[in-house]
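For reference, the structure discussed in these notes is given below.
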Amino acid sequence: MQPDQALVEEIRAASRAMVRELGFLQTTLAATNYSASAVHALLEIDGRGATTAAALVNVLFLEKSSVSRLIGKLVEAGEIEEVASADDGRSKQLLLTRKGKRTVAAIHAYGKKRVTMALAHLNPSQRDAVAQGLSAYAWALAACRDEPHDAPENTVEIVSGYRPGAVGRVAEMHAAFYSRQWGLGEFFERKVATGISEFIGRLERPANKLWLAVKNERIVGSIAIDGEDLGNGESHLRWFILDDGCRGSGAGRRLMSEAMAFCDEAGFPATQLWTFKGLDAARRLYESFGFTLTKEWEGAQWGATMTEQQFTRRLPPSTVANRSMP
């Protein structure tokens with residue numbers, strides 16, 4: 001599926017802004033007298049303890065001649081030294097000198113200060129979104145290169161059932177997204193928190209199910225099927241939400257797949273969900289799973305007047321036929 005072009009342009013604009021803010025357009029970087037490539041070389045040598053010119057070529061994506069000149073300048077500046085390898089006298093290991101270690105310590109201090117200052121302007125959910133989003137985007141950029149890459153570690157896992165912190169995280173994710181995007185406030189957050197709290201108390205009943213998206217042991221998404229609250233034998237899809245950093249990762253479709261498979265297996269004749277107009281990406285996902293818009297009206301059940309909507313998904317005919325077979 002091709003990404004929305006407006007999203008592509010937003011990411012490109014943000015990338016350009018980051019490059020400028022981080023100083024990559026300047027001749028020097030990180031409050032040093034060195035270029036960006038030299039700073040990255042020092043950080044790589046520090047992180048590896050010792051490395052070779054060939055290794056720097058691979059990790060910095062620079063030509064051999066460029067790395068050779070870079071090493072020469074850093075040796076001349078007294079930041080690194082070349083030492084013959086104990087295993088192969090023809091190979092030289094690159095090590096930081098005492099001066100180089102002081103330079104790298106200053107680079108780390110500068111970088112941590114910049115990140116800390118920037119994060120101070122964000123709330124906890126936004127900080128998580130930045131960390132998750134940048135990690136995923138860095139992997140995606142690497143995956144575009146010719147050399148194959150494994151999937152990033154700590155990918156999103158879908159688990160079912162209650163997990164400590166579920167009530168708070170579900171309420172927090174809803175409040176963070178809908179307050180920022182739609183201006184919904186404490187009434188909406190209380191409504192979500194009260195509803196999910198009551199539902200958790202009924203999870204042991206077979207008609208009810210909760211799925212959580214988890215990354216790095218942190219809940220980053222949720223969806224639930226409540227088979228009781230409508231009182232007519234139909235199921236109710238509730239609390240479908242993803243943390244900002246996980247949108248577009250496919251986690252939402254995986255959550256929806258689990259929920260719809262459960263509904264079909266349980267034999268609910270229909271599944272209902274209530275939402276409001278304007279959540280276009282979510283609507284496209286609902287419709288891809290067979291939901292259709294059945295009602296639309298002006299209401300204020302979420303704490304503000306808006307165009308509310310009801311979507312319905314009927315049990316697929318193939319499932320009904322299979323259930324009717326002896």
Side-chain angles (χ1 to χ4, degrees), residues 3-48 56-63 66-67 69-70 73-74 77 79-80 96 99-145 149 152-154 156 172-173 175-183 215-216 218 220 242-249 281:
D4 182 84
Q5 288 305 302
L7 179 63
V8 169
E9 292 306 316
E10 183 177 357
I11 292 173
R12 291 184 64 215
S15 298
R16 292 193 297 272
M18 286 180 61
V19 166
R20 291 192 291 266
E21 292 293 338
L22 292 174
F24 281 95
L25 299 186
Q26 306 300 317
T27 56
T28 61
L29 185 67
T32 70
N33 294 321
Y34 299 119
S35 66
S37 56
V39 168
H40 277 253
L42 290 171
L43 292 175
E44 287 299 326
I45 296 171
D46 175 59
R48 296 163 183 254
L56 287 181
V57 168
N58 290 330
V59 74
L60 298 180
F61 312 127
L62 296 175
E63 296 292 333
S66 298
V67 170
R69 289 193 297 272
L70 178 61
K73 290 179 180 179
L74 291 175
E79 300 285 358
I80 65 174
L96 292 177
K99 179 183 178 181
K101 291 177 180 179
R102 291 195 298 270
T103 299
V104 167
I107 292 171
H108 282 307
Y110 176 85
K112 290 176 181 178
K113 181 179 179 180
R114 288 294 307 273
V115 173
T116 300
M117 290 175 63
L119 291 180
H121 294 275
L122 304 177
N123 63 42
S125 292
Q126 290 172 321
R127 294 172 188 175
D128 287 339
V130 168
Q132 294 163 7
L134 284 176
S135 177
Y137 189 49
W139 171 82
L141 288 173
C144 294
R145 286 188 271 112
H149 295 269
E153 296 180 0
N154 301 317
V156 177
E172 179 189 356
M173 288 186 291
F177 177 75
Y178 288 101
S179 64
R180 184 176 64 256
Q181 299 291 335
W182 299 92
K215 182 174 183 179
N216 295 337
R218 180 173 174 82
V220 294
L242 284 174
D243 209 25
D244 288 348
C246 289
R247 291 193 175 87
S249 68

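- Residues in residues 20-30 take part in no salt bridge (Lys or Arg N to Asp or Glu O under 4.0 Å) pair, two or more places apart or across chains.
- Among pairs with a residue in residues 125-142, those fulfilling salt bridge (Lys or Arg N to Asp or Glu O under 4.0 Å) read Asp128-Arg218, at least two apart in sequence or across chains.
- The salt bridge (Lys or Arg N to Asp or Glu O under 4.0 Å) contacts involving residues 109-120 comprise nothing, where partners must be two or more places apart or lie in separate chains.
- Every residue was checked against the side-chain hydrogen bond (donor to acceptor under 3.5 Å, both in side chains) condition with Tyr178, not counting sequence neighbours, and none meets it.
- Looking at residues two or more places apart in sequence or on another chain, you find a salt bridge (Lys or Arg N to Asp or Glu O under 4.0 Å) between Arg180 and Asp244.
- Considering only residues two or more places apart in sequence or on other chains, Asn58 meets the side chain to side chain contact (heavy atoms under 4.5 Å, CB included) condition with none of them.
- Val59 meets the side chain to side chain contact (heavy atoms under 4.5 Å, CB included) test with Glu44, Arg48, Leu56; sequence neighbours excluded.
- By the salt bridge (Lys or Arg N to Asp or Glu O under 4.0 Å) test, Asp46 pairs with no residue at all, sequence neighbours left out.
- Every residue meeting the side chain to side chain contact (heavy atoms under 4.5 Å, CB included) condition with Gln181, not counting sequence neighbours, appears here in chain and number order: Phe177.
- Residues satisfying the side-chain hydrogen bond (donor to acceptor under 3.5 Å, both in side chains) test with Ser125, not counting sequence neighbours, are Glu172.
- Here Ala36 pairs with Phe24, Leu29 under the side chain to side chain contact (heavy atoms under 4.5 Å, CB included) rule; sequence neighbours left out.
- Applying the salt bridge (Lys or Arg N to Asp or Glu O under 4.0 Å) rule to pairs touching residues 132-144 yields nothing, sequence neighbours excluded.
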